[in-house]
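As a basis for the values below, the full set of heavy atoms in this structure was taken, side chains included, without hydrogen atoms, waters or symmetry mates.
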Amino acid sequence: MLWIKSLHIVFIASWFAGLFYLPRIFVNLAMVAPESISERERLLLMARKLFRFSTILAIPALVFGAWLWWVYGIGRAPGSGWMHAKLALVLLVIGYHHACGRLLRVFEGGSNQRSHRWYRWFNEVPVLLLLGIVILVVVKPF
């Protein structure tokens, strides 16, 4: 079980690294001057590659987490309400990941209407989600 738990943690950390940095690229894209085509294309290439890589990392993170739950029963014992809350936050993380993909397509289409300030705030969401998940898993408050 410890091997699976270790792999789950490594893939979660890797996935979140992408979720932390991709919106930062969006901040930079929102600040690019319209005449700076090469800078825009370079940032779009970076964002595409990071989104693809993050998506690939999300899959084993979720698979190993499901394995811990189904096979080893982590979070299935009575009084494991923390796991329900954690799974709700995980669903929000998956939604955030999909939102990043949607925003990337908006930038690729050249139709972004949001400011760099909006993306700076958007960039803080995965930090709050990860904080909530870690507190639930470690503290198990309910």
Side-chain angles (χ1 to χ4, degrees), residues 1-33 36-142:
M1 175 181 68
L2 294 179
W3 283 100
I4 302 303
K5 191 181 285 190
S6 298
L7 290 170
H8 177 60
I9 291 168
V10 166
F11 281 103
I12 288 293
S14 302
W15 179 23
F16 267 90
L19 292 178
F20 291 153
Y21 193 65
L22 184 58
R24 184 65 206 168
I25 296 174
F26 294 161
V27 169
N28 293 327
L29 275 165
M31 294 174 62
V32 170
S36 247
I37 295 168
S38 62
E39 182 181 5
R40 180 182 181 281
E41 289 304 315
R42 186 180 71 251
L43 288 169
L44 278 173
L45 178 65
M46 290 170 56
R48 279 187 211 104
K49 288 183 176 186
L50 184 57
F51 181 72
R52 268 192 299 253
F53 191 60
S54 295
T55 302
I56 291 168
L57 292 167
I59 294 166
L62 295 169
V63 167
F64 287 127
W67 190 341
L68 288 167
W69 187 66
W70 284 324
V71 176
Y72 296 108
I74 293 177
R76 289 196 334 209
S80 296
W82 62 271
M83 180 57 89
H84 297 288
K86 178 202 172 197
L87 291 175
L89 292 180
V90 169
L91 287 175
L92 290 175
V93 173
I94 293 168
Y96 183 85
H97 184 95
H98 284 286
C100 285
R102 191 172 36 85
L103 290 170
L104 176 57
R105 286 189 295 280
V106 166
F107 276 112
E108 288 173 328
S111 57
N112 176 54
Q113 299 296 315
R114 294 189 166 105
S115 71
H116 67 92
R117 284 185 202 91
W118 187 90
Y119 288 104
R120 289 178 196 278
W121 283 104
F122 181 75
N123 191 37
E124 300 305 320
V125 172
V127 174
L128 299 174
L129 291 170
L130 183 61
L131 178 65
I133 289 169
V134 169
I135 288 171
L136 287 168
V137 171
V138 174
V139 178
K140 295 178 178 61
F142 45 88

Show every side chain to side chain donor-acceptor pair (under 3.5 Å) that has at least one partner inside residues 64-77, sequence neighbours left out. none

Run the side chain to side chain donor-acceptor pair (under 3.5 Å) test against R120 and tell me which residues pass, sequence neighbours left out. H116

Do the non-hydrogen side-chain atoms of L62 and V90 ever get within less than 4.5 Å of each other? yes

Counting C-beta onward and ignoring hydrogens, is there a side-chain heavy-atom pair between F26 and L104 closer than 4.5 Å? yes

Distance in Å, I133 CD1 paired with L128 CG, rounded so as to fall on 0.5 Å steps: 11.0 Å

Do H97 and T55 meet the criterion of a side-chain donor-acceptor pair at a distance under 3.5 Å? yes

Determine whether S54 and L22 make a side-chain contact, defined as any pair of heavy atoms from C-beta on separated by less than 4.5 Å. no

To the nearest 0.5 Å, atom CG of L43 lies from atom CG of L50 at 12.0 Å

Which residue pairs satisfy the salt bridge (charged side-chain N to carboxylate O under 4.0 Å, His left out) criterion with at least one member in residues 79-108, sequence neighbours excluded? R48-E108

Which residue pairs pass the side chain to side chain donor-acceptor pair (under 3.5 Å) test when at least one of the two sits in residues 21-30, sequence neighbours left out? none

Just jot down the side-chain contact (heavy atoms from CB on, under 4.5 Å) partners of V10, sequence neighbours excluded, or say none. S14

Using 30° and 60° as the class limits, which term best fits the ring planes of Y96 and F122: parallel, tilted or perpendicular? parallel

Those residues at least two apart in sequence (or on a different chain) that pass ring pair (Phe, Tyr, Trp, His ring centres under 6.0 Å) with F142 are none

When you measure from the side chain of K49 to the backbone N and O of M46, does any donor-acceptor pair fall under 3.5 Å? no

Interatomic distance, CH2@W118 vs CG@N112, rounded to 0.5 Å, equals 9.0 Å

Just verifying a value: how many Å separate K5 NZ and I74 CD1, rounded to the nearest 0.5 Å? 4.5 Å

CD1 on I94 to CG on L129, rounded to 0.5 Å: 11.0 Å

Distance check, rounded to the nearest 0.5 Å: F20 atom CZ versus L130 atom CG? 5.0 Å

